[in-house]
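Residue numbers begin at 1 in each chain, while the letters A, B, ... track the order of the sequences. Owing to the predicted nature of the structure, the values given are computational and were not obtained by experimental measurement.
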Amino acid sequence: MNEEAGREARERAWLARVAAGERQAFEALYGEYHRRLWRFLARVSNSRELMEEAINDTFWIVWRKAGEFRGDSRVSTWIMGIAYRCALKTLHRDEGSFESVPEDLADAVELPQVRAEQRDWVAKAMRRLPQEQRSTLLLAYYLGHSCEEIAQIMDCSVGTVKARMFHARLKLRNLLPALGGLAPGEDHAAHG
Amino acid sequence: MPRTDDPQALHRQAWDLIPWVVNGSASPEECRLLETHLTGCRDCREEYEFQRRLWSALSREREEGTPDPRPALERLWARIDRMPQNEGAIPARGPRRSSAAYARGLLLAVIAETAVIAGLSVALWLRPAPPAPAAYRTLTQAPAPAKAAIVRAVFEPQLRLESLQGLLTRTGLEIVSGPSAAGVYALAPLPGAAPTDAEAAAARLRADPAVRFAEPIVAAR
């Protein structure tokens, strides 16, 4: 059994036990997802309080609806779909909690001189994306979901996911022209 | 996936595939298509490299700042424990009913069962029986101690939840612990089921194609 299949089997078993009201299994599932959800939400919100509320709203639903999981998707897709809806509801309630960087901070997105600064620099650029595009990219690159799974999580068509990813990539290419040393005109000799 | 010989359409198709190849969710055929295209397209090679570095930067995210989940979990338990019982976890077995209807049915069944047991006790023993522990537990009580497992089993990873439940019901077993890191579950006889021989239970499990491995736990007998 490979690592991914083992994790899926483990999470399905936890969910089955949660459906039977087992608290130990629920705590195991909560522990597994809290870190993932926190990291995802930290990219779309600037409020720790609302992030925790969104996570607990998500698991409130998981506790009540575990028996309705039909098994036609990965457990992570099912839980992320709930989390995405909870995040939209919770974070939209508080105006401005869906954090974005104002236009006048565009200058902050500069060429990185030190590789260690790259992540902060990427983070700043990510915050320039509209929420749907940012979430699409995070679900794909942070959490490794497929195009079809992201459509399910965000409750939209596969075509919409592709379009959001397309626009996110274009915008990031403009914001991050030198990511990882790929400055315009640089590196062509190595690849061309 | 539709194939095309139009170079522009192929380029667009390859371009769209890049993120899904980078994050490992593309099919082998899609990976091959992109790989072939990359050998002759500098734009896509640059974009592939850019996306790969973006993915790498995001996946190397620092984890400091991720809080301890336990206080939040305690708050969630407090919220769940304040919840009326009929809104608790909904067992998935049997036809789907509303949680309120399920709770009402469960309550009536428990009352009826308690009455029958009490009547039988009086008729058979003509003496008051000591108070028996409830045959059920509320959702807010701590879980009962795990029963002695008689079989270890590993299921196929694609086994669906309802199929797993059906399989356990058919074999008269329930999960008492697991899965371990290796995906191994410990199974015990269902409450009220006839005494089960561990060897026979393991054999019943092995007969199901969704069971990858099953063995009796001899020491538990």
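Applying the salt bridge (charged side-chain N to carboxylate O under 4.0 Å, His left out) rule to pairs touching residues 74-86 of chain A yields A:Glu4-A:Arg74, A:Arg74-A:Glu149, sequence neighbours excluded.
Contact detail for B:Ile175 and A:Arg17: the closest heavy-atom pair is CG2-CD, 3.9 Å. Shown here for B:Trp20 and A:Ala140, the closest heavy-atom pair between the two residues is CZ3-CB, 3.7 Å. Here the closest heavy-atom approach between residue A:Asn56 and residue B:Ala72 is recorded as ND2-O, 2.9 Å. Of all the heavy atoms in A:Tyr141 and B:Gln51, the pair that sits closest is OH-OE1, 2.8 Å. Between A:Asp57 and B:Arg79, the closest heavy-atom pair is OD1-NH1, 2.9 Å. Across every non-hydrogen atom of A:Ser146 and B:Ser25, the tightest pair is CA-OG, 3.4 Å.
Here the side chain of B:Asp16 pairs no donor or acceptor atom with the backbone of A:Lys162 at under 3.5 angstrom. Looking at A:Arg169, its side chain does come within 3.5 Å of a backbone N or O of B:Trp15 through a donor-acceptor pair.
Under a cutoff of 6.0 Å and an axis angle of 45°, B:Arg12 and A:Phe166 form a cation-pi pair.
Annotation: side chain of A:Phe26 is in contact with side chain of B:Ile80 (closest heavy-atom distance under 4.5 Å). Proximity of A:Phe59 to B:Leu73: side-chain heavy atoms (C-beta onward) are nowhere separated by under 4.5 Å.
With rounding to the nearest 0.5 Å, the separation of CH2 in A:Trp60 from CE in B:Met83 is 4.5 Å. In this structure, A:Glu53 CD and B:Arg75 CZ are separated by 11.5 Å, a value rounded to the nearest 0.5 Å.
Looking at A:Ile150, only its side chain comes within 4.5 Å of chain B, counting heavy atoms on both sides. At a 4.5 Å heavy-atom cutoff, the contact between A:Arg12 and chain B is made by backbone and side-chain atoms alike. Within the 4.5 angstrom heavy-atom criterion, only side-chain atoms of B:Trp77, from C-beta onward, approach chain A. Of the atoms belonging to A:Tyr30, it is side-chain heavy atoms, and not backbone ones, that fall under 4.5 Å from chain B.
Under the salt bridge (charged side-chain N to carboxylate O under 4.0 Å, His left out) criterion, A:Arg36 pairs with A:Glu11, A:Glu32, sequence neighbours left out.
Between B:Pro67 and the options A:Arg35, A:Glu52, A:His34, a side chain to side chain contact (heavy atoms under 4.5 Å, CB included) holds for only A:His34.
Per-residue counts of heavy-atom pairs under 4.5 Å with chain B were compared for A:Cys147, A:Ala13, A:Ala28; the largest is that of A:Cys147.
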